[in-house]
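Here is the naming used below: chain letters follow the sequence lines, and residue numbers restart at 1 for every chain. In this text the structure is predicted, and so the values were computed from the model without any measurement.
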Amino acid sequence: MKYLDSEKIRKEFPFIVKNKESKLIYFDNAATTHKPQAVLSSIANYYTYTNSNTHRSSHVQGVSSTEKYEQARQTIADFIGANTAEIIFTSGATDSINLVANSYVQNIINQGDGILTTEIEHHSNFLPWQKICKTKGGELKMISFDENFKIRVSEDQLIKERIKFIAIHHVSNVTACIQDVKKIIKLAKKLDIPILIDGSQAASHLKINVKDLDCDFYCFSGHKLFGPTGTGILYAKDEKIRKFLPNKLGGGMVSHASVKNSVWERAPLLLEAGTPNICGSIALADAVKYILKLGLDNIYKHENMLAACTIDVLKRIPNITLYRCSESSIPIFSFNINGIHHYDIASLLAENKISVRSGHLCCQPLMQKLNINGCLRASLSIYNTVDEIEQFGKSLLKIVKFLT
Amino acid sequence: MKYLDSEKIRKEFPFIVKNKESKLIYFDNAATTHKPQAVLSSIANYYTYTNSNTHRSSHVQGVSSTEKYEQARQTIADFIGANTAEIIFTSGATDSINLVANSYVQNIINQGDGILTTEIEHHSNFLPWQKICKTKGGELKMISFDENFKIRVSEDQLIKERIKFIAIHHVSNVTACIQDVKKIIKLAKKLDIPILIDGSQAASHLKINVKDLDCDFYCFSGHKLFGPTGTGILYAKDEKIRKFLPNKLGGGMVSHASVKNSVWERAPLLLEAGTPNICGSIALADAVKYILKLGLDNIYKHENMLAACTIDVLKRIPNITLYRCSESSIPIFSFNINGIHHYDIASLLAENKISVRSGHLCCQPLMQKLNINGCLRASLSIYNTVDEIEQFGKSLLKIVKFLT
Amino acid sequence: MHKGLKEIVDSFLLFDSWEEKYEYIIDLGRELDPLNKGLRTDANLIVGCQSKVWLYCEEKNNKCFFYGDSDALITKGLVALIIKVFSGLDKDEIVNFDKAFFEKIGLRSKLSMTRSNGLNLMLQKIINFAKK
Amino acid sequence: MHKGLKEIVDSFLLFDSWEEKYEYIIDLGRELDPLNKGLRTDANLIVGCQSKVWLYCEEKNNKCFFYGDSDALITKGLVALIIKVFSGLDKDEIVNFDKAFFEKIGLRSKLSMTRSNGLNLMLQKIINFAKK
Ligand SMILES: Cc1ncc(COP(=O)(O)O)c(C=O)c1O
Ligand SMILES: Cc1ncc(COP(=O)(O)O)c(C=O)c1O
């Protein structure tokens, strides 16, 4: 029944080790995860042994820094089944999505064209499309979803609404729902509509293969994947990346520059102007290696076990409303307790050394749809334990009683 | 005569300590500097004790992470004499400059307007303006410079060329020249022309006060300032930052979002969409604290001493041409040796464990102006020593002999 | 420190458990004068991420008076506490108020630079009002 | 490993100092057949950051032949070395060429994924030519 050795894993995370005594329970992993020692060591080692600017030097550290950086790109490419030259390093999922918006989508949307997305998106995968529609006279269209938060697109809608671009989440940071993106991508491909998948909440939980999915764009942040802050990935299909116009210009992205004219490099370098987050990207690759060592299958099964426990515990709370997919999902639990403000509960959980998120979770359109002003969210990761879940349940019960 | 204790400083840089045995000489500090232990510890401590997403959580780590991040902003603001709300965290100088280009300059340049810059700029402070001129029908105009690489602007030029924006370097990464930016800013202010100063090569060498300078924008990268990769700063004057239209949209930059409409946050949060490089920015503030502890006055004097030594050594090299300001400058030395390709010399210096840069140094317009295809660059920092300079001189002599 | 403040600090020092502390805070909220419906407007709303705070500022005879509300129990209690602290002071007293007070009663984190609960913004609004 | 390669590796093993090694490399460059002026075109230019490399590829009787030049002495030597290694091989031999060879002679770093000297791009061009 045990897919991962959680005791061993907990020892590999300095944050968990340091908070052992204080018995802190960290259930805000959908916001950001902690980092294993392997990642901290990767950072320290880079600055101690390699540190140098990339792509420009012939000296030993310069070459070695470039090699490590490009190997990191290879590691990420392998992780999601892409070609190396299809991986762009960004500063996070928000940066990745905006890069697609500014360098590509902006140039293909004309008056009256539709961009299709959902009300379940994180603001980062919603606002950029809203802006393009505003500036280019396009229309932002919504995909409907059922009571399980599963989205449904029809060929009919795509045609009728003149959809020229689709942007959807792979897994929601509120509902935990794993969307059947493959089916939607297939439909999009049939009509030759480029499609972006926001994998921010998928990459640390599911095995991803972008070639198998056949999407045009896929993105995620490093910091939600046991990697450092300030790192992110954009996968862009070769045929699409060629059409990108750079939004950021500077060192490293031109082969020739003069007062009159400049000749650009090829992607991905074209899209990584300036000194990149060299150390961050290398450490992110080491986070990926850490995940691969544990095995995504094991992680998925282990987290399913944790999810089942959490559901059991939450069922015992009176007047609870879960906003959650009952089908395939990851260990995220968004909920409200009737008559009690989510913020009151989050505050008192914090007093009880349990960290959960409360608020609109950067998903205001969904909150409006659900007709709530926010909710609580407990989100688990590989280092969380059944004991913690039970403690969470007990504290929650006590707090609910206290507040009613 | 000794302003800094270099032996003590060397012990504070893990990279230098680890390379002590191999006697590596790192003279590529204009590309990137090494990081003191204080910065490495800052990173490790953040991930071990604080790690959490900012601006959104009520739980203990969330609050503490936000506080540390905002304190970092305060530290940087104090460092350059700005108000806290005028500091935007970016991923580097290139990112900062492009932010100004995309969020502000793009909206003020019309057909026939001029943008004024120099042929001495780094590509990162050149290509964005070239692009805006191309797309908006503006004209890219050049400031002339004397044999010392000092630039000279006249009121006449500003008026005649219909200049609507000025972007210049504070210190050049090739010529080491410290420009009298204050004088130019004064002129710009007189005609109400917004002006950006690229301080990438200034921030680790000179005391900067943006209020005293009175520029509208000032920027630099963290990694050239003993801080981590993937960090950078943009200072934007309060009255200007209010006019920025965000180029990147996502979590944390709206106060209200709905399918119909969104209401934006105020700057600087408006311009920092998505999870920022929290750890990186905090570590950058710790790098700044490290600099302040040494004292910029001491650094400046110490580096002047190193520069004088280097000049002495280079004078002994036959057939050398220095591309360098003989007046106020920082310890950067760009040169060629007549009849020998710069790359050949850099390669052999690398064989001799001396790291210098060779090539166009991301300054192709300047190379064209100088009528060269590239050059060598030795750039020093606080941990470099007189011994290293002498060793460099000896090796260089030997190599030049070998190649002629 | 005026007498009301001293009383508050003393109360906080007595609490052994979070239950006691928050019972006190929530009770403060219950005792808060209800905000005039006409003042519960968007103009008086301070938008934080998690709970709503309304705050109305008024000057009478050189003293400042504050009226507020929140949709969350604990936040409402904190709004009441802040009003208790600042209402009736003159502008100078508000501007020079020693914020260590909030530290003393262990609420620093609730009032820090986060946008999460709007309390920091509320404090800023009060101080800005006093600075005008 | 063809005989020419063995010879190169053996030479490199004998070098005690950088002077010897680079004398050998530079000499290789001096012995390189000069590139036909008509082939020193932008189309044959491989733009690296630091030194220029021209490379022209040709197939004759199922064998590949390469001609090249550089503006830097050492790069020219390395161009000569690479041409020595690959010229005269058939396409399959090139595609399957064991790149550990460059490691053996201590030039891995000069041929790595950096754009700094164009040598890596040169190698890529040769391999791409062979793959066509
Ligand atoms: C003068 C100058 N400006 C801008 C930059 C760009 O900095 P970064 O590559 O860190 O974005 C550099 C760094 O090479 C520089 O020296
Ligand atoms: C589904 C989803 N998309 C996008 C994002 C934005 O990620 P980041 O803030 O790291 O850019 C998040 C993170 O909160 C997310 O959960």
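Of the two parts of A:N247, the backbone and the side chain both hold a non-hydrogen atom closer than 4.5 Å to a non-hydrogen atom of chain B. In this structure, chain B has a heavy atom under 4.5 Å from the side chain of A:K134, while its backbone stays farther away. For A:T48, the parts lying under 4.5 angstrom from a heavy atom of chain B are both the backbone and the side chain. Residue contact with chain B, scored on non-hydrogen atoms closer than 4.5 Å, involves the side chain of A:M142 exclusively. Contacts of A:F126 with chain B are made by side-chain atoms alone, with heavy-atom separations under 4.5 Å and no backbone atom involved. If you measure heavy-atom distances from A:N102 to chain B, the contacts under 4.5 Å come from the side chain alone. Contacts of A:N98 with chain B are made by side-chain atoms alone, with heavy-atom separations under 4.5 Å and no backbone atom involved. In this structure, chain B has heavy atoms under 4.5 Å from both the backbone and the side chain of A:K248. Neither the backbone nor the side chain of B:S221 has a heavy atom closer than 4.5 Å to any heavy atom of chain A. For A:L24, the part lying near chain B is the side chain, with the backbone staying farther off; criterion is any non-hydrogen pair under 4.5 Å. Proximity to chain B involves both the backbone and the side chain of A:H34, based on heavy atoms less than 4.5 angstrom apart. Proximity to chain B (any heavy atom under 4.5 Å) is restricted, for A:T50, to the backbone atoms N, CA, C and O.
Among A:K353, A:K131, A:M367, the residue with the largest count of heavy-atom pairs under 4.5 Å with chain B is A:K131. Among A:Q37, A:K369, A:K260, A:K224, the residue making the largest number of heavy-atom pairs under 4.5 Å with chain B is A:K260. Of the listed residues B:S262, B:G280, B:C133, B:A346, the one with more heavy-atom pairs under 4.5 angstrom with chain A than any other is B:S262. Between chain A and the residues B:N261, B:V39, B:L140, the largest count of heavy-atom pairs under 4.5 Å involves B:N261. Of all the listed residues (A:P128, A:A93, A:A101), the one sharing the greatest number of non-hydrogen pairs under 4.5 Å with chain B is A:P128.
Across all their heavy atoms, B:Y47 and A:F15 have their closest contact at O-CB, 3.7 Å. Taking each heavy atom of B:G251 and A:C362 in turn, the nearest pair found is CA-SG, 3.9 Å. Across B:S258 and A:Q368, no two heavy atoms sit closer than the pair CB-OE1, 3.1 Å.
Within the model, atoms OG1 of A:T229 and CD1 of B:I43 stand 9.0 Å from one another, a figure rounded to the nearest 0.5 Å. Taking OG1 of A:T32 as the start and CD of B:Q61 as the end, the distance is 11.5 Å to the nearest 0.5 Å. Note that the SG atom of A:C279 and the NE2 atom of B:H223 stand 12.5 Å from one another [nearest 0.5 Å]. Atoms OG1 and CG, from A:T94 and B:L249 in turn, are 10.0 Å apart once rounded to the nearest 0.5 Å. In this structure, OH in A:Y46 is found 12.0 Å from CG in B:L40, a value given to the nearest 0.5 Å. B:S52 contributes atom OG, which lies 7.0 Å from atom CZ of A:R357 (distance to the nearest 0.5 angstrom).
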Start with the C-alpha distance between A:D28 and B:N53, add both sets of side-chain angles, then the distance that settles side chain to side chain contact (heavy atoms under 4.5 Å, CB included), and finish with yes or no. CA-CA 9 Å; A:D28 195 12; B:N53 215 321; 5.6 Å; no
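Without hydrogens or angle criteria, B:E119 side chain to A:V259 main chain gives no donor-acceptor distance under 3.5 Å. Without hydrogens or angle criteria, B:K35 side chain to A:A44 main chain gives no donor-acceptor distance under 3.5 Å. Formation of a donor-acceptor pair under 3.5 Å by the A:N51 side chain with backbone atoms of B:T33 is found in this model. Checking side-chain atoms of A:Q130 against main-chain N and O of B:A257 turns up no donor-acceptor pair under 3.5 Å.
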